[in-house]
Amino acid sequence: MTKDSAGEQDTLLDVPATPVRRRAARGAAAIAAAAPVARVTLDLAPAHLDRIFDYLVPESMDAAAQPGVRVKVRFGSQDVDGYVLARADTTSHDGTLQRIRRVVSDERVLTPEVAVLARAVADRWSGTMADVLRLAVPPRHARAELAGAGAAVDDPDPGAAPVRTPDPDAVSAQDRVARHWELYRGGAALLQRISAGGDPRAVWTALPGRTVAIPEVEDWAAGLAALARTAASAGRGVIVVLPDKRDVDHLARALDATGWSCCTARTPGDYVRLEADAGPSPRYRSFLSALHADVRVVIGTRAAAYAPVAGLGLVVCWEDGDDSLAEPRAPYAAARDVLALRSELEGAAFVVGSHGRTVSAQALLASGWAREVSAARDVVRSSAPRVRALTSTELASEGAGAAARLPTAAWRTARQALVDGPVLVQVPRAGYIPVVACSRCRASAQCPRCHGPLGLAGQRSTPQCSWCGHLAAGWRCDECGNDALRSVRVGSGRTAEELGRAFPGVPVRQSGASAPGGVLSRVEARPALVVATPGAEPVVDGGYAAALLLDAAVSTASVRLTAAERAVGRWVGAASLVRPASDGGVVLLVGDAAPAPTNALVRWDPAGLADRELAERVELSLPPAVRIASVSGDREAVSAVVSRVALAREHADFVVLGPVEIEHDERRTTDRTLARPVRTVLRVPVGEGGRLAKELAASLAVRSARREGGSVRVRLDPEEML
DNA sequence: GCACACGAGGAT
DNA sequence: TCCTCGTGTGCC
């Protein structure tokens, strides 16, 4: 480009001519002839910088600097990463525009749909787009990119989904899994509407189901496979988000059973797995497969909610009550809620499925946003195992045995079931004996140094503080001076040991994050005791002969608002792996749990419980009947952020609760001499949730622009408080 | 997170 | 009057 044409370029831009002309006069490299301005979103933490910045596109980068690519730009004195959102002819910025320094790669990793989604998620949860994009777009892996480029050269028509001729066996398999949905009221209609290109929204309560020998998978995964195939054969993109790798494995097997195959680095396929824990290279490679529309179906863990799927027609969230689907990173948007938002933005169908029912899912039904898809009572009864609650009243006749952790009745049931197959034992705590108390007065044993709870790591070990790690040798009770300890919560490690003694000759397997062998995906269909923590129950072909759900009281004793729904969720999750009653399947809930969740399990009615819990929340003005935000951190900083929320002064139904002192975040500081942080809760009617989020975000932007001190964390719908 | 602008206060 | 230091804010 000549000097003159560069000068003309300046007049195309709505910028004062002088600074740019000076650059041109110095003979700096030319800028792009068409659309020389790139609108860029930057990877910067401060809230007030969460906006679009304009940069000039050097001519050499004209072709590469397409919307969606990663770029490096100068921002003040630092080099920062960003994404090009769009190209434009003009800018509204009245200073000198900097040039893009580098286009990191040609891959347009941020699709327009995901950019819109990221903006919407940031707005909805008072966060920044940069935070959301860190969750949505995996880190670049250059070698994975090269491998992908090679494949694209081989492909005569890159960018188009490969058209695969369905083989007849696969089609009949598809028919079979489609029949799965006839078991559910509203199931056939749901498939029909997805197939017709509609955007139905459903809360699906999956029937308890055993996993029959592959390829005839007939449990929940068969249902998900049928949904995915239905949408895909209508030419629509699909995302299925599941709690963990085991669940993704299980769905993958069900999809394979319908004749599909997984797309990997070496082989093309029909769907791709997107998992953060697969490692940087496979993760980025799978991401590129979805991006290039090699496949239209993505299954994966929570970050898959942001997958770049073209022509998205169906989003599914499986087991939305699972903790893994809550996002631990700012702005803390849970997978279910991200998918719900995305389904609205992209006109896709939405399905949240579970064996249980969260109160949040119930709220989607109550508001009329989604429809219920569930089986009739007699179908549920014929699929479910027999459930009995062994409470102390039930066991009154047993005398001394009633108070035992494993009452005689439970022992007898397990003994009988072990003749037929494996028996699942669910224990709500991992480890050995996590917490100990004084054996005489039962006061909980505290660390003499920091007053944290003491625990035992092994049978003969010294009690150790679970906060500061102090070994409390020679411990004495603060209350009564006694020196003997007893366990108050017994973990799965101790249970496995106890059971080994109670059932000599029977193999004992353990499954859980802290179990010696980790989490087991499946176990053999032969007699064994399988001790698992909630969510880590291995599946077994043909189902368990029985399940013992131990320490039921521990599951419902929590002060958390969600204790009941979570307990029932854990229990039905485990009980769903047991054979139906007609095949002798039996589930025993052992311990005195709260009556409502106990009855919900015995009657196999998680929806009923969720409905009553929701009614209670409406009564008490608690989420999800209202929207709340928690603002926590240093007292002054919290007060400043809250003071700028104008909604508080205008709205009669706006309630400010607190500030109250809270515990230090153990991950951030162990220094307990610092002033205690506080939390203020803001509560508004659901209809004002959007404004609340917006005003909080604006207040955080003011805070960061003014460089107010201290630290503050804002969370909307804070799960940890519920 | 760095650089620069601007205002206050002090030395010349 | 000019210089320096400190605080505040822009960064495209």
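We use all heavy atoms of the structure for the numbers below, so side chains are in, but hydrogens, waters and symmetry mates are not. Order of the sequence lines fixes the chain letters, A, B, ..., with proteins taken first and strands second; residue numbering starts at 1 for each chain.
Of all heavy-atom pairs spanning A/Lys245 and A/Thr301, the tightest one is N-CG2, 4.2 Å.
Each of A/Val109, A/Thr111, A/Val132 was evaluated against A/Val137; a single residue qualifies, A/Val109, per the side chain to side chain contact (heavy atoms under 4.5 Å, CB included) test.
Protein atom CZ of A/Arg74 is 12 Å distant from nucleotide atom C1' of B/dG1, rounded to whole Å. Separating the CG atom of A/Asp79 from the C1' atom of C/dC12 is a distance of 14 Å, rounded to the nearest angstrom. Counting to the nearest Å, the P atom of C/dC11 and the CG atom of A/Asp54 are 12 Å from each other. Rounded to an integer number of Å, the gap from A/Gln98 CD to B/dA3 C1' is 13 Å. A/Glu708 places its CD atom 17 Å from the P atom of C/dT7, with the value rounded to the nearest Å. In this structure, A/Leu97 atom CG and C/dC12 atom P are separated by 9 Å, rounded to whole Å.
One can find a donor-acceptor pair under 3.5 Å joining the base of C/dG10 and the side-chain atoms of A/Arg707.
Interface residues of residues 40-53 of chain A facing DNA chain B, ordered by number: none; criterion, heavy-atom separation under 4.0 Å.
Looking only at side-chain heavy atoms (C-beta outward), A/Val69 and A/Ser105 stay at 4.5 Å or farther from each other. Looking at heavy atoms from C-beta onward, A/Phe287 lies out of side-chain contact with A/His141 at the 4.5 angstrom threshold.
Between the side chains of A/Asp320 and A/Thr358, at least one donor-acceptor pair of N or O atoms lies under 3.5 Å.
Between A/Arg644 and A/Glu708, at least one side-chain nitrogen of the basic residue sits less than 4.0 Å from a carboxylate oxygen of the acidic one, meeting the salt-bridge criterion.
The phosphate of B/dG1 has neither OP1 nor OP2 within less than 4.0 Å of any side-chain N or O from A/Gln78.
The side chain of A/His93 approaches C/dC12 more closely than any other nucleotide in the set C/dC12, B/dG1, B/dC2.
The number of heavy atoms from other shown groups lying within 6.0 Å of CD (A/Glu636) does not exceed 12.
Within the nucleic acid shown, A/Tyr55 comes within 4.0 Å of sugar-phosphate atoms alone, with no base atom in reach, counting heavy atoms only. Residue A/Arg39 is out of contact with every strand shown, counting any heavy-atom pair closer than 4.0 Å.
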